[in-house]
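What follows is one structure encoded as C-alpha cells, with my remarks underneath.
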Amino acid sequence: MGYFKEYDPAAIEKKWQKHWEETGTLNAESSHDKPKFYPLIEFPYPSGQGLHVGHPRSNTAMDIIARKRRMEGYNVLFPIGWDAFGLPTENFAIKNGIHPAVVTKKNVDHFREQLKRLGFSFDYSREVNTTDPAYYKWTQWIFLKLWEKGLAYKSEMPINWCTSCKVGLANEEVVGGVCERCGGEVIRKVKSQWMLKITSYAQKLIDGLEDVNFIEKVSTQQRNWIGRSEGAEVDFALTTGDKLRVYTTRPDTLFGATYMVISPEHPLVEKHRALLTNYEEVAAYKEAAARKSDFERTELNKDKTGVELKGIRAVNPLTGTEIPVWISDYVLMGYGTGAIMAVPAHDDRDWAFAKKFGLPIIEVVAGGDVQNAAFTDIQTGTLVNSGFLNGLSVKDAKKAIIDYLEEKGLGERKVNFKLRDWVFSRQRYWGEPIPMVSCPCCGWVPLPYDQLPLKLPEVEKYEPTDDGESPLAAMTDWVNTACPKCGGPARRETDTMPQWAGSSWYFLRYIDPHNDKALADPEELKYWLPVDWYNGGMEHTTLHLLYSRFWHRFLYDIGVVPTKEPYMKRTSHGMILGSNGEKMSKSRGNVVNPDDVVDELGADSFRLYEMFMGAFDQAIPWQTDGARGCRRFLDRVWKLASMLNDGNGISKDLAYDINVCVKKVSEDYEQMKYNTAIAAMMTLVNTMYQKGSVSRDELGVLLQLLNPVAPHITEEMNEMCHIGPELVRKPWPQVDEKALVKDTVEIAVQINGKVRCRVNVPSDLTRESADAYFAGCEEVKRLLEGKTPKKQIYVPGRLLNIVL
RNA sequence: GCUGAAGUGGUGGAAUGGCAGACACCGGGGACUUAAAAUCCCCUGCUUUCACCGGCGUGCGGGUUCGAGUCCCGCCUUCAGCACCA
C-alpha cells in the first residue's frame, strides 16, 4: 500500500465543511421516527473581538456528544444562534456612529464564519438571532403573558444603579458591589422599574431541581441563591401601642431576645418621630446609611453601627420584659419584615452588636460560653432560661414555640427566600422594547398581541441621558401613541428589556425557528423537549440558568410548553487561561486568537488540543506547545494510511488493544473525560506503530472513535483508504467483550506493601486458588527464602501482597 | 466569615482503596541528512551507585487498613461562588 499524500488540514477541512453544508448531513431531521437528542451550548454574544478560545471548548465538547449520538441512531438537534442585544454593541455604535443593527450583522457574520471553520455540526438552518423582530416578537409575547398573569409589574423602588453604564441592574448583576459588566460603582437609586415576580416561583425553582440531572455545584449554587429559610414571624408589642413584626429562623430563642433592631428605612421610625427624644441623632444615622452604596455597606460589615430609638420600647411577648429598640444598617429593609429580634447569645451579628453597645446577653440554649462568643450550634444545645421550653432540644423547642405562638395569635410559621424580584428594565436602546403603553386614564395598558412585534425605532443618538432615561424617550414620534384601550393620547414605555430576556427562551425557538403563528409548534415542542444536555459556564448559574428555568416553568403553567423543566442535564466547562495562568485579556496581552491556531495547525488539531489539555471542568492555561503536540498526533494518525496491510477485520494481536480503546473512549466521552479518551487513542496509535501495519478495519475503528473530536481528517482518511461509508453514517463501534479477556495477566508481588517483582498469572486465577498457585510459583518462592509469611492477599488481576 | 472545589515531576495532567506519575509538553541521546528542520527509535520524579541493588517521594501532622494520592480527624495554602438574608 502506497503513501497517499501530505496531510493538508486547510484543504480537507474546507472540503468537508462544504460537503456537510451542501448535503445538510448534520441538520436535524424533520421526521419524528427516530429517538431525539437535543444538546445545547450557550449561544454566543457576537462581540466585535470575534471568537475567543473559550467558545470552542464548550462547543467541541457538545459537538463530540452530538456526533456520537448521530452514530448511535438519534435524530440530533444541535443548534446555534446569536444573543445579540447588549451593551458592548451599543457602546461601539455610540462611539462610531454606526447603527447597532449594522454592527450586529457584521459581528454575527464574522462569528458564523469562525465557527464554520471549526467544523461544528450545528444546524445552521435553524439559526436564531435575538435582535431579529421575528424573534423578539415572541420575547415580547412572553412578556405580555407574564403581565397578564400578574407577574410583571412596575414599581418605584431602590435599584442597583451602575454609575458608569447609567443603567439599572438586577441583584445578580452586581458583583462585589460593582457592576458585573464594566466594574463601575453601583449605587442605590430610586426609579420606576419593570419587575418580574420570580419570587413567586422560588419554591417551584427549588423543587424542580429534584427532577433534573445538574452537576452538584450548579444545583447547590441555585439553591443557595434562592436561599430558602424556615422560621416564624412574631409580633412584639411596642410602648407606642402598635405592633412590630419580626422574622426569625430561631423562634426557639425568643426568651433570649434582649433588644430589637429595625432597618434605618423602616416606616416605624418616621411614624413615631415625635416620640423620639433623640430624633436628630436618628435622622443623621438614617442619612448616613442612605448615602452608603451597597459596596460600602458590605465592606464595613465587621464593625456594627446603630442608634437606639429613645422613647420607644418593645415588650418581649413571652417574658413581658421591656427591651430597647435600635436602628442599624445590618438589618435590611428588603428581607423579612425589615426588623429583627436580637438574641445576642445565639447569633453572631447580634452578639457583636450587643458587645459594642453593652446590651445584655442572656443564654437560652446551653452548650457554649455566650459571654465569649455566640453559641449558634442547633444540633447539640438544650434550652434553658426559657420557661416551658426548658430541657428541649433546639428542634423540639422550635416546633413547640411556633405552635404556642400560633395558638396565642402572637405569630406564625413563615418561609422566606433571599431571591429578589427581577429588575427587568434597562434604560438603553439596544434591547427589546417593552410592549406597554402608559395612559393617563387607563394606567399601564399592554399592546394588543396583533401589534407585535413592537419594533425599535431608528434614532440618531444611542446614549442614555444623564438623568437615566432611555434614548427612546427622546423619540417623541414613537413615544406618543394612542392608548390601545381608550384611544386617548398615551405614551409608550421607553425602557427596554435586559439581555437576559432573549436568552431565556431561545432553546424553544430552535425547535421551530420560522413559525410566525406561535413561538413554536406544540407537536415539535413535544418531540424535542426537554433539552437533553446543556453545557455552559458557571457564571450563568444564578443569572441565565435561573431566569430561563423561571420563564420555562411559567410557560409550562400556562400550557405553552409540555415539560416543567427546560434542561435535563447541565454541565459546566472550565475557563481557558492565558499561558501565564491568568485570565485572558487584551490588557494582559495573553489572548490567543483561534484563527491563528487554525491557520497554523488546523481545526482538528485545535479541537483536539482543547479537549486534551486537561479535565474539562477545570480552568487550564493555554500552552501552544501542547497544541503542537496534538498536531503531531494527527500527523501520526495520517501516516497510518501508508501503513495499511492486506488484512481483513480485526487481527488477533490488535483485538485486545482496540477493544480496550473502544470501551475507554465510549465511556469517557459520556463523562466528558475527553482528555483520557484522547490519551487512550494516542496509546492505540503508538501500539499500531509498534506493530508496523494496520488493516482497513482496524484503522476504521480508530477513525470512528476519533471522528467526533477530529471530524475532517477522519472522514478524509476514511474516504482516501476506501474503508467504508461516511463515518457520520456508520454506527458507533461496540465493544467485543470476548476480546477483552486475556489468558495471562501480569501482577505485582509485594512484600509488606512494597513491590518486589512481577509475575504472569492466569487471568482467571481466583482468590481461593491463589495460595496453592503461588506456593508453586518460582519467583515467589525465591522471594520468600528463609521467611515465613503471616498472610497472603491476592487481588485478582492486580497484585499479591505477602505480609511477613 | 460561610459554602464548594482543588493541592501529584521542570510543565499540562493520569490513577473503581491495589504496581503513583498513563497520555502529552519541555529536555537529553541515537538513527536518517552534506547540514538543519521534519520524522522514527530510546531515555527522562528525586536520590545513592560505575552498575546491579537500594532509599525517599502525591501540601503538613496524626489515624484506619495487609495496602492510602484516594477513606477518617486536625491544620496550611490556592481558586471559585456567596457575603450582615436574622
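Below, chain A is the first sequence line, B the second, and so on; all start at residue 1. Note: hydrogens, waters and symmetry copies are ignored here, and every other heavy atom, side chains too, is used.
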Contact class for A:S229 vs. all strands (heavy atom < 4.0 Å): base, sugar-phosphate, or nothing?
sugar-phosphate
Given RNA chain B, 5'-ward residue of the pair A:Q221 and A:D350, judged by closest heavy atom:
A:Q221
Contact nearer the 5' end of RNA chain B, comparing A:G334 with A:L799
A:L799
Taking the side chain of A:V795 as heavy atoms from C-beta outward, which of B:G18, B:A20, B:G12 is closest to it?
B:G18
How would you list, by chain and number, every residue that makes a ring-ring contact (aromatic ring centres under 6.0 Å, His included) with A:F255, sequence neighbours excluded?
none
Restricting both atoms to N or O, compile the protein contacts to nucleotides 22-29 of chain B shorter than 3.5 Å, with distance only.
from: B:A24; atom 1: OP1; to: A:N686; atom 2: ND2; distance (Å): 2.8
from: B:C25; atom 1: OP1; to: A:R632; atom 2: NH1; distance (Å): 2.7

Looking only at atom P, what distance separates B:G9 and B:A14, rounded to whole Å?
14 Å
Options B:C40, B:G12, B:G18, nucleotide nearest the side-chain atoms of A:K639
B:C40
Out of B:A86, B:C82, B:C84, whichever nucleotide has its closest atom nearest the side chain of A:K304:
B:C84
Stacked cation flag A:K414 on A:Y247, 6.0 angstrom / 45 deg
no
Let's test your reading of the pairing rules: Watson-Crick or G-U wobble, both distances under 3.5 Å, then write RNA chain B as a dot-bracket string with ( ), [ ], | and dots.
(((((((..(((.....[....))).(((((.......))))).(((......)))..(((((..]....))))))))))))....
Taking the same atom, P, in B:G45 and in B:A51, what whole-Å distance lies between them?
15 Å
Report yes if at least one side-chain N or O of A:K583 is closer than 4.0 Å to OP1 or OP2 of B:C79; otherwise report no.
no
Side chain of A:A615, heavy atoms from C-beta onward: which of B:G12, B:A14, B:U16 has the nearest atom to it?
B:A14
Closest to the A:K673 side chain, choosing from B:C84, B:U3, B:A15:
B:A15
Between A:Y335 and B:A86, does any side-chain N or O lie under 4.0 Å from OP1 or OP2?
yes
B:U64 versus B:U49 - spacing of their P atoms, nearest Å:
37 Å
